[in-house]
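What follows is one structure encoded as structure tokens, with my remarks underneath.
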Amino acid sequence: MNTPVTEAANVIWTSPVVNEALGDYGRIPAITKACDEWSVEGVNLRHANPIAEARLSPLSFLLLWGYRKVSRFDHIEEPRALFEHHPYVMREVIMRLMMRDTDGLPIAARDVLEAEYMEGGACLFDVIKEAYRDLGVQIPLGNAALPVELRDSNTPITHEEYTRLKECHPEILDEFIRVSGLPENLRAIDAASVIIPQRAFEGVHAVCVQHVLATQIPMFIAMEEHGLDPTKVEIIGVPYSTNYVTQHALDSRGYRIHTPLVVDPNDVSRAVEDALIPALQRALERSNKDGGKILVLDDGGKATIAIHTHFQESAHRFHVVEQTSRGIREVIALESSNGLRTRVIDVAHAWLKSHEAPKVGGEILDQCASLMERINLSSRLEGAELAILGAGVIGLGVGREALGRGARVTFFDPALLVDDEVRASLEAEGFVVARSKPEALRDKALVVGCAGERTIEIADLEHMNHQTVVASASSRDVEIDLSVNRSSHITSVPLLAEGPGDTRFTTRVWRLPEKDIIVLRNGFPVNFNGRLETSTFESIELTRALMLMGSAQALAGHEPARVALSLRWQNELVEALGLDPHQIPNAVARDRFKR
């Protein structure tokens, strides 16, 4: 049943992003009524406390309170004059409330608000809570005592909530584990567990740079069944992906786990390195005492680079498993320069991992569409113009999925300019291959960076249209130059947050003098949003099974080398799962095309 508060919340969170301040005045009765109330009450926006005693409806109170917190509107006396101002103002007001830019106003509980703003304060609390509960919109309640209430498994908790709950109410985190449905076993991992040697992880120390997501739990449980001691394992969570319910579940099993809090993707590498180097040092010290082997699960080559930079003399002691193409490129670069000093199992180019690319491509497009819908931009792919920067594994996965959904897809990758065979193959599939980046960016509704390196610079924005949407699909965290957020020449305005107190995944609009550019999820890889998994457990379990087998293979050898994942084990896994090899995408073209 819709209450007045619920109706107000619905209006707030479904109001279109339009090119006028409150373009819904005169069209949506609730907004019209709220603004008319201001005039009837004689509200003066320049007054020091214009709403302390005003008898306003919840929506009217919320809007007015929000406008008072946006300082540049303070000079406006006539409320209707607000309708003439720049775009996105309604979302900006709400987002400023959400991002705690509230001059210290404690939105801690109804009684605090009621004491400061009387009935209006209670109404504001109700509006926020109703929107939060009924619409699945996650509202950071400023300095609130957390949590306000339990949420379902589709709603991630944030770093701030996790930290506070762990200190004050760990039993609530335990309840989150219970209601979230975290898996303890998955079919592919169970099958891989039978294939690898028994007790393969006995006495092993491990350092892992990993996405802390739900399907990691059955992988680590399988390792425990083969002798792994969780207290000998340190996990550094990739800052933009950690699900904190999963982190608590692993912590409860005895794993030492740390996710650095990072807001800017450009700071991720340094934050991970700062956590990683001491973890590698501690593992080496423990190994020196008991002789145990050291397993390293790497992502993007971060650990492998750290080993070769800081532990050259002991590099042969580490047994590494790498799961990303970007990480393997880093390994190849080490081979070409000073030589590879450690053993690395290449899971990234395992033929079974190619099974993942189309699914990841679909997830990336689904996330882009979902976010675009939430800010009232067209998410229709049929007939839409897309640019994909980077034609590697993920880029091809996104491109083929988009092409299958009816989009017109343009690729740009410098390597395509010198590889006539691959370029001709892509054009034969129906793609456009641009000769320059400006050509690729022109007249596009959506631009997706997939190269694993910087592809979108500030200078590139001039080649984009008004309201072009930019997203990262990279396994790395450097795809987009986010120095715009600190620029004095371009205004960066938050439009949408993912969670209470959320600072990681804020979708923003960059306001240039002549256009707006929308950047999804703060420039982090768009398919990561802090939830249990990027998609279904089944869509990623095969990769986790390959990592399990790669870990056992890494520990079984000693010589420094880059080694392919055991083809025999992959074939046994296919047979055990009853997969049709012909249904797994051919990776030959991908392997031939290396940038």
Side-chain angles (χ1 to χ4, degrees), residues 166 170 173-174 177 182-186 189-238 242-259 272 275-299 302-304 306-307 311 314-323 342-345 347 544-558:
K166 189 173 181 180
L173 287 173
D174 295 338
I177 292 175
L182 293 171
E184 292 193 355
N185 64 287
L186 290 167
I189 294 173
D190 291 344
S193 183
V194 174
I195 294 169
I196 64 176
Q198 291 295 315
R199 314 304 295 176
F201 303 102
E202 196 161 38
V204 167
H205 303 274
V207 177
C208 314
V209 179
Q210 291 287 285
H211 298 294
V212 181
L213 300 173
T215 53
Q216 295 279 11
I217 292 175
M219 184 188 74
F220 280 112
I221 289 177
M223 290 182 176
E224 291 175 32
E225 292 171 348
H226 284 271
L228 183 68
D229 180 353
T231 64
K232 295 182 177 181
V233 180
E234 293 193 49
I235 303 172
I236 293 93
V238 178
T242 289
N243 171 264
Y244 288 104
V245 174
T246 301
Q247 177 161 322
H248 182 64
L250 289 169
D251 182 75
S252 299
R253 297 187 71 89
Y255 292 89
R256 182 173 179 175
I257 181 165
H258 170 61
T259 299
V272 170
L276 177 60
I277 293 171
L280 291 169
Q281 180 63 47
R282 287 189 291 267
L284 195 57
E285 290 170 359
R286 293 194 301 268
S287 174
N288 287 336
K289 290 180 180 179
D290 63 16
K293 296 179 180 179
I294 307 172
L295 172 68
V296 176
L297 302 189
D298 204 1
D299 186 284
K302 293 181 174 68
T304 304
I307 289 168
F311 303 95
S314 304
H316 63 283
R317 303 275 302 280
F318 297 94
H319 304 256
V320 181
V321 187
E322 175 57 60
Q323 61 189 338
T342 188
R343 181 177 175 81
V344 179
I345 303 300
V347 169
R544 300 286 183 252
L546 297 178
M547 287 296 287
L548 176 64
M549 294 194 301
S551 299
Q553 184 179 346
L555 293 166
H558 298 280

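Because only heavy atoms are used, hydrogens play no part in the values below, and waters and symmetry mates are left out as well, while side chains stay in.
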Side chain to side chain, [X] and [Y], heavy atoms closer than 4.5 Å:
| X | Y | value |
| --- | --- | --- |
| V245 | L182 | yes |
| L297 | I235 | no |
| L276 | L280 | yes |
| D290 | K232 | yes |
| Q323 | Q210 | yes |
| Y244 | T259 | yes |
| V238 | V272 | no |

For this session: Tell me, please, which residues at least two apart from A206 pass side chain to side chain contact (heavy atoms under 4.5 Å, CB included).
Result: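 With neighbours one apart ignored, the set is C208, V233, L295.
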For this session: Output all residues satisfying side chain to side chain contact (heavy atoms under 4.5 Å, CB included) with A192, sequence neighbours left out; order by chain, then residue number.
Result: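 Per chain and number, A192 pairs via side chain to side chain contact (heavy atoms under 4.5 Å, CB included) with A545, L548, M549, L573.
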Problem set entry | Verdict with supporting geometry, K293 and H205, side chain to side chain contact (heavy atoms under 4.5 Å, CB included) | CA-CA 6 Å; K293 296 179 180 179; H205 303 274; over 6 Å; no
Of all residues at least two apart in sequence or in a different chain, which pass the side chain to side chain donor-acceptor pair (under 3.5 Å) check with [X]?
| X | value |
| --- | --- |
| T304 | D298 |
| R253 | E224 |
| Q553 | none |
| T231 | D229 |

Exercise. Distance-only, no hydrogens or angles: does the H248 side chain make a donor-acceptor pair with backbone N or O of I177 under 3.5 Å?
Worked result: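 No; judged by distance alone, with no hydrogens or angles, the pair does not exist.
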Exercise. Between V321, I307, T342, which is the residue that forms a side-chain contact (heavy atoms from CB on, under 4.5 Å) with V296?
Worked result: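 Answer after filtering V321, I307, T342: I307.
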For this session: State the CD1-OG distance between I294 and S314, to the nearest 0.5 angstrom.
Result: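 So the gap between those two atoms works out to 8.0 Å.
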Exercise. Measuring from R256:CZ to E234:CD, what's the distance to the nearest 0.5 Å?
Worked result: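 That separation rounds to 4.5 Å.
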For this session: Scan residues 198-208 for pairs that pass salt bridge (Lys or Arg N to Asp or Glu O under 4.0 Å), counting only residues two or more places apart or in two chains.
Result: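 Matches after skipping sequence neighbours: R199-E202.
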Problem set entry | Any pair counted as salt bridge (Lys or Arg N to Asp or Glu O under 4.0 Å), so long as it reaches residues 545-558, sequence neighbours left out |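 Qualifying pairs: none.
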For this session: Could you list the residues that satisfy ring-ring contact (aromatic ring centres under 6.0 Å, His included) with F311, not counting sequence neighbours?
Result: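 Residues passing ring-ring contact (aromatic ring centres under 6.0 Å, His included) with F311: none at all.
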Exercise. What residues, two or more places apart in sequence or in another chain, satisfy ring-ring contact (aromatic ring centres under 6.0 Å, His included) together with F220?
Worked result: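 Checked F220 against ring-ring contact (aromatic ring centres under 6.0 Å, His included); matches are Y255.
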Exercise. For Q247 and K166, what are the C-alpha separation, side-chain angles and deciding distance, and is it a side chain to side chain contact (heavy atoms under 4.5 Å, CB included)?
Worked result: CA-CA 11 Å; Q247 177 161 322; K166 189 173 181 180; 5.7 Å; no
Problem set entry | All salt bridge (charged side-chain N to carboxylate O under 4.0 Å, His left out) counterparts of E225, not counting sequence neighbours |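 E225 satisfies salt bridge (charged side-chain N to carboxylate O under 4.0 Å, His left out) with no other residue.
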Problem set entry | Residues in salt bridge (charged side-chain N to carboxylate O under 4.0 Å, His left out) contact with R544, at least two apart in sequence or another chain |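 Applying salt bridge (charged side-chain N to carboxylate O under 4.0 Å, His left out) to R544 gives E533.
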Problem set entry | E184 atom CD, neighbour heavy-atom count above 12 within 6.0 Å |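 At most 12 heavy atoms, drawn from other residues, nucleotides or ligands, come within 6.0 Å of this atom.
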Exercise. So T215 and T246, side chain to side chain contact (heavy atoms under 4.5 Å, CB included) or not? Walk me through it.
Worked result: CA-CA 9 Å; T215 53; T246 301; over 6 Å; no
Problem set entry | Chi angles and distances behind the side chain to side chain contact (heavy atoms under 4.5 Å, CB included) call for N288, L284 | CA-CA 6 Å; N288 287 336; L284 195 57; 4.3 Å; yes
